[in-house]
Peer 1: 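My questions all concern the structure below.
One-based numbering along the sequence shown. Counting convention: from 1, in listed order, for ligands and their atoms alike.
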Amino acid sequence: MSISVTFIDPRGNRVDAAGEAGDNLLKLGQAAGLPLEGTCEGQMACSTCHVIVDPDWFDRLSEASEEEEDMLDFAAGARRTSRLSCQIDLTLDLDGLTVSVPGESHDARAM
Ligand code: FES
């Protein structure tokens with residue numbers, strides 16, 4: 001069964017993507033053409049994979065680790081529902097997930 005994910009790009013356009021259970025949200029977004037750099041490739045060292053999760057979906061995600069929370073402190077434009085997309089793997093109950101890609105990102109390693 002495929003899992004639908006809606007990305008809202010920095011201009012506010014909706015980009016629909018579909019993945020499978022176990023797929024990584026960062027990789028899915030990149031494959032759909034979203035400007036998610038993911039410079040550190042999931043090592044939680046850059047925060048350029050930052051997304052803002054729709055509040056309706058935020059509580060359905062598994063909780064962020066302390067390491068991820070620390071990294072989100074460096075993310076440009078971070079909000080209460082911010083997450084690192086490299087840390088989210090799709091599960092069947094995330095079908096319909098909606099996340100926004102912020103317009104700017106900082107590579108925390110370059111700070
Ligand atoms: Fe670098 Fe997610 S890809 S923190």
Side-chain angles (χ1 to χ4, degrees):
M1 191 185 122
S2 84
I3 299 163
S4 304
V5 177
T6 299
F7 292 90
I8 310 293
D9 79 7
R11 293 205 193 110
N13 297 318
R14 189 188 153 117
V15 179
D16 291 317
E20 312 255 320
D23 282 356
N24 182 262
L25 186 62
L26 169 62
K27 296 265 167 8
L28 186 71
Q30 287 176 329
L34 277 305
L36 287 164
E37 279 178 44
T39 318
C40 77
E41 296 181 355
Q43 302 303 305
M44 276 199 274
C46 73
S47 86
T48 61
C49 61
H50 169 217
V51 293
I52 298 165
V53 180
D54 184 293
D56 287 347
W57 284 95
F58 186 73
D59 290 337
R60 299 194 222 179
L61 299 175
S62 53
E63 263 183 52
S65 63
E66 210 168 298
E67 227 177 334
E68 182 180 344
E69 296 280 4
D70 288 348
M71 212 56 232
L72 281 166
D73 290 341
F74 293 105
R79 313 243 184 101
R80 195 185 63 81
T81 63
S82 288
R83 290 295 303 265
L84 297 177
S85 59
C86 69
Q87 299 303 308
I88 298 172
D89 289 331
L90 296 183
T91 53
L92 291 179
D93 55 358
L94 293 181
D95 185 38
L97 176 67
T98 302
V99 301
S100 302
V101 178
E104 45 177 341
S105 68
H106 291 319
D107 186 341
R109 297 176 305 175
M111 289 165 68

Peer 1: With heavy atoms of Cys86 as the reference, note each atom of ligand 1 found under 4.0 Å away.
Peer 2: 2 (Fe), 3 (S), 4 (S)
Peer 1: Give the contacting part of Ser47 toward ligand 1: side chain, backbone, both or neither, where contact means a heavy-atom distance below 4.0 Å.
Peer 2: backbone
Peer 1: Nearest protein heavy-atom contact for atom 3 (S) of ligand 1: which residue, which atom, what distance?
Peer 2: Gly42 N, 3.3 Å
Peer 1: Any side-chain to backbone donor/acceptor pair from Thr98 onto Gly96? Under 3.5 Å, distance only.
Peer 2: yes
Peer 1: Before you tell me yes or no, could you show the steps for Ser47 and Leu72 under side-chain contact (heavy atoms from CB on, under 4.5 Å), namely the whole-Å CA-CA distance, both residues' side-chain angles and the distance that decides it to 0.1 Å?
Peer 2: CA-CA 6 Å; Ser47 86; Leu72 281 166; 6.0 Å; no
Peer 1: Please determine if atom 1 (Fe) of ligand 1 has an N/O/S atom from Cys40 lying under 2.8 Å away.
Peer 2: yes
Peer 1: Any idea which heavy atoms bring Cys49 and Leu84 closest together, and the distance?
Peer 2: SG-CB, 3.7 Å
Peer 1: What are the two closest heavy atoms between Asp95 and Trp57, and how far apart are they?
Peer 2: O-CH2, 3.1 Å
Peer 1: Does even one non-hydrogen atom of Met71 get within less than 4.0 Å of ligand 1?
Peer 2: no
Peer 1: Could you report the tightest heavy-atom contact between Leu61 and Arg83, atom names first, then the distance?
Peer 2: CB-NH1, 3.7 Å
Peer 1: Just jot down the ligand 1 atoms closer than 4.0 angstrom to any heavy atom of Cys49, in number order.
Peer 2: 2 (Fe), 3 (S), 4 (S)
